[in-house]
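Written out below as C-alpha cells is the structure these notes cover.
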Amino acid sequence: MIRDAIDNKIIELIKKNEKISNSEISRLLGIREAEIAERIQNFSDTRSKILLVDDEIDTLLPLKLSLEAEDYLVMGASNGFEALELAKANIPDLILLDIMMPGMDGYEVCAHLKKDPVMKNIPVIMLTAKDAVREKVKGLDIGADDYVTKPFNLNELKARIKSVMRRFGDQ
Amino acid sequence: MRIRSELIIFFLVISVLPLSAVVYISYNYSEGAIRDSVRATLSGATENTGNAIENWMDARKDDIRVISQLNVAVESPKEQFKDYIKIFENEHQGVYREFYMLDPSGNITFSDIDRTGNEGQKSYFQEALRGNIYVSDVSLSNISDTPEIIITGPVRKNGETVGVLAARVSLENLYRIIEKIDIGKSGEVFIVNQDGDIIFHKNRSRILQENINNNFAVKEVTYEKNGINEYVNYKGQKVLGSYYWLPLYRWGLIVEKNIDEAYVGVLILGKVMVAISLFAVMGVVFFAVVISGNITRPIKSLEEGSMGLLRGNFKPIPVTSVNEIGRLTELFNSMAGELLEIRKKLEAKIELANKDLEEKNKELTCANEELKKLDELKSDFLSLVSHELKTPLSSMKISAEHLESEENIDNATRKELLSIIIRNIDRQTRLINDILDLSKIEAGKTELHLENVSIREIADASFENIKQIANKKNISIILDIPNDLSSVMADREKLIIVLNNLFENALKFTSGGGSIILSAAEDSNSIEVSMKDTGIGMEKEKLEKIFDKFYQVDSSSRRKTGGCGLGLSISSGIIRAHDSVINVESEPGKGSTFSFKLKKG
C-alpha cells in the first residue's frame, strides 16, 4: 500500500495526539472531514482497491455495489481526468476503464497511465460496448491487460479481475 | 557503317583494284622492255666500241704496212726517213711512241729516238720477218710505264724482206674510244687477253698486274664469246656486263655497269608507277569524299530532319538538288509538315482527354473520399448504435445480476438498482423508437395524420417535456407565439417530436444563463416557426451535416450533451414529409436559429 504526503501528515498528527478528532485534522490540513475519515479508514483497510471508471452512472453504481460485495474497495470516477487524479492519489490495485467517455476517452487514460513511471504497473481492464476486433487490439496495444465487452457476465468480470490481480501479484 | 565510308570504300575498290592491275601489268611490261633496251644499248655500245678499237688497230696496222712499203723507208737516207717519221708522228699525236727498223738479225738499225739494241728473239720480230703484219702482246712501256703494243711489218726490197719496221703504239688513245661508252659512276670498261689478264683498264696500275679469269664475263669472252649478262663482279657487286671478243687481237672487251645504275630506268619506272598509283588513289579518295559528301549531305539533312521531327523541333530541310534525293527531301518536308499537323491535333486531343481524365480522376477521388467517409460514418454509426444499445443493456444486466446474486440488499439499494433497470429500459425503448422512426422516414413510409394544429398548443406540450431540463440547466425558455396565430395543417404528434428535438438540441448547446426563444409568424399561406438559442453556434461548413444521422458537431461532446445524433435527422425527415424544410442559421459563439414553414390549415 502506497501512501501519499497527506496520508503521512495525518499519521504524524495522530502519532502526536492519539485522541485528535477528524474535524481537528481537517482543520489543520485544510482537507474535507469526509476525506480524512476515508483516508484514516484506508490506513487499516487491507482490501484490494479497484478504480472503476465509467461515465454511465447507471453502470458505475451497480458495478460498484457488486464489487464491494466481493470485498473490494471500489473508487468511482465518471471521466478520464478524475480517473487519472484518483489513480495517482490512491494507486489502486486494478483499474476498470470504460472507453467511450466525454473529454478524455479510455484509450487516452490508459496511455497516460502506462507512461507514468508509478502508475504503469497498475493492471487495467478495459470495459466497453465496443466489440470490434480492431478496437480490442487497439486497447491491448495501448497497454490494457484485459478487455471485457458490455454487456458482460458479472461473474466472468469478477473472475477476470481475480486473474489479472493474481498475475500482477505474482509479478 | 556510314554511307560515306561505304561509298569511299566502294570507289576505292572499283577504281584502285583495276588501276593496280593495270599498273602492275604495265610495270612488268615496261620493266622487261627497259631491261631489254638497256641490255641492247649496252651490248650495242660494247660492240661498237669493239669495232672502233678494231678499226683503230687496223688503221695502225695499215700505217705500218704503208710506211714499210714506202721508198723513203727502204731507199732514202736515215735522216730523211727520220724526218718523215717525225712528221708522221706529229700527224698522229700521241699514238706512236717510237718507230724503229731492225735488220734481219734483229739489230736496231734505225730508231727515231736513237735507241739501239737487238730484238731478234721477239716474236713480233720473227713474225714480221716471215712477212706478216704482227701485233705484239700488250706490255708496259719501259719509259712511261703505260701500256703499249708493238706492231711490226716486213720491209721489202725487190720482193725480198730486208728488215722489219716496228712501231711502239701507245694504247692511251683507246681511252678516247672507250670513254664514249656510258658506264655510269661505278661502271668499268676493261680489256683482257686470252689468259684473262687485264691489258687495258682505266686504272692503269692494274694493267698486267691482275688476272680476273674467275669473272663470268672474262670466262665467257676468253671462250671467244660475245654477250651480255648479270653477274657478280670481282668486287662482289652485282653488275650488268657486256663482253665482246676481238678475234684479230685476241682481246676481250668487257663493259660492266652497276646493275642499279644500269636499270635505273626500272627503278624510276617503279617510282613513277607508285607515284601514279598513289596520286590515283588520292584522287579517287578525294573524288569519293566529294561525291559521297554530295550524296550523303542531303541524306544527313534528312536524318537530322527526322530526328528533329522525332524530338518535336523540326525545321524544313533545304532542298539543294533536283535529283531523286531533292524530290525525296521535298516529299519528306511535306510529309513532316502533315505529321506535325497530325501530331498537334493529336496532342490537343490528348490534352483534352487528359484534362477529361484528370477531371474524372478528381471526381473519382472525390467519390472515393465520399465513399470512405460514408464507410467511416457507417462504421461510426454501427459503433455508436452498438454502444448506445449495449450501454443500457449493460447497466440493466449488472443491476439485475447483482439483485439476483446478493441476498442481503437493503431496500434503498434494491430500489435504486430497480430504478436503474427501468430507466435504462426507457432509454433503450426511446432509442429503438428513434431508430425505427428514422428508418420509416428514410424509407418514405412516414404516415402523417394531418389535421389543423395550433402551434401554441404544440409549443406548450413540447415545453412541458423539456422545462425540467431547462430549469436544471438554468436556461430560460421564451415562447413568443401570437394568440391569434392561425392553425397549420400538420401531424400533431410528429410536430411535437420536431419541437422536442429542436428544444433538446438547443438545450444541449446552450450553457446555463442562456435562453431559447420559440417564435411563430404567419404570412398569407404559411406559418414560420423559429427557434433561436444563445448557444455555442457552429461553423458554416458544419451546417450541411447536422441533419445527418448520428452526426455530432463534436464527437467528444456526445456524452456531455446527451443524445445520439438522431433528433435533427428525425425532425428534418418529419418536416420534409410536410413538404417543407428546416433551415438553419448559425455563427460560432452567437447561437443558432432553426426555422421551418408549414401550410396554414
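Each chain gets a letter, A, B and so on, in the order its sequence line appears, and its residues count up from 1.
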Check: Would you call B:Arg427 and A:Glu56 a salt bridge, taking side-chain N to carboxylate O under 4.0 Å as the test?
Finding: yes

Checklist line | Flag if over 12 foreign heavy atoms under 6.0 Å of NZ, B:Lys473 | finding: yes

Checklist line | Interface moiety of A:Leu63 toward chain B, non-hydrogen atoms closer than 4.5 Å | finding: both

Item checked: Contact class of B:Leu417 relative to chain A, heavy atoms under 4.5 angstrom -> side chain

Check: Where on A:Asn153 is there a heavy atom nearer than 4.5 Å to chain B: the side chain, the backbone, both, or neither?
Finding: both

Check: Of all of A:Ile99, A:Leu154, A:Leu127, which one pairs up most often with chain B through heavy atoms under 4.5 Å apart?
Finding: A:Leu154

Item checked: Straight-line distance of B:Phe596 CZ to B:Leu495 CG, nearest 0.5 Å -> 5.0 Å

Next item on the list: Please check if any side-chain donor atom of B:Ser515 sits under 3.5 Å from a side-chain acceptor atom of B:Ser476, or the reverse.
Entry: no

Margin query: Does A:Glu156, at its CD atom, have more than 12 non-hydrogen atoms belonging to other residues, nucleotides or ligands within less than 6.0 Å?
Written below: yes

Note to self: So for B:Ser419, is it side chain, backbone, both, or neither that comes closer than 4.5 Å to the heavy atoms of chain A?
What the structure shows: neither

Notebook entry, point to check: Counting a contact as any heavy-atom pair under 4.5 Å apart, which residues of residues 22-34 of chain A contact chain B?
Noted result: none

Check: Do other residues, nucleotides or ligands put more than 12 heavy atoms under 6.0 Å from the CD atom of B:Glu585?
Finding: no

Note to self: Evaluate B:Ser395 against A:Asp58 for side chain to side chain donor-acceptor pair (under 3.5 Å), listing each step before the verdict.
What the structure shows: CA-CA 6 Å; B:Ser395 300; A:Asp58 288 352; 5.4 Å; no

Next item on the list: Take A:Asp146 and A:Arg167, measure what salt bridge (charged side-chain N to carboxylate O under 4.0 Å, His left out) needs, and give me the verdict at the end.
Entry: CA-CA 12 Å; A:Asp146 206 347; A:Arg167 205 161 71 226; 5.8 Å; no

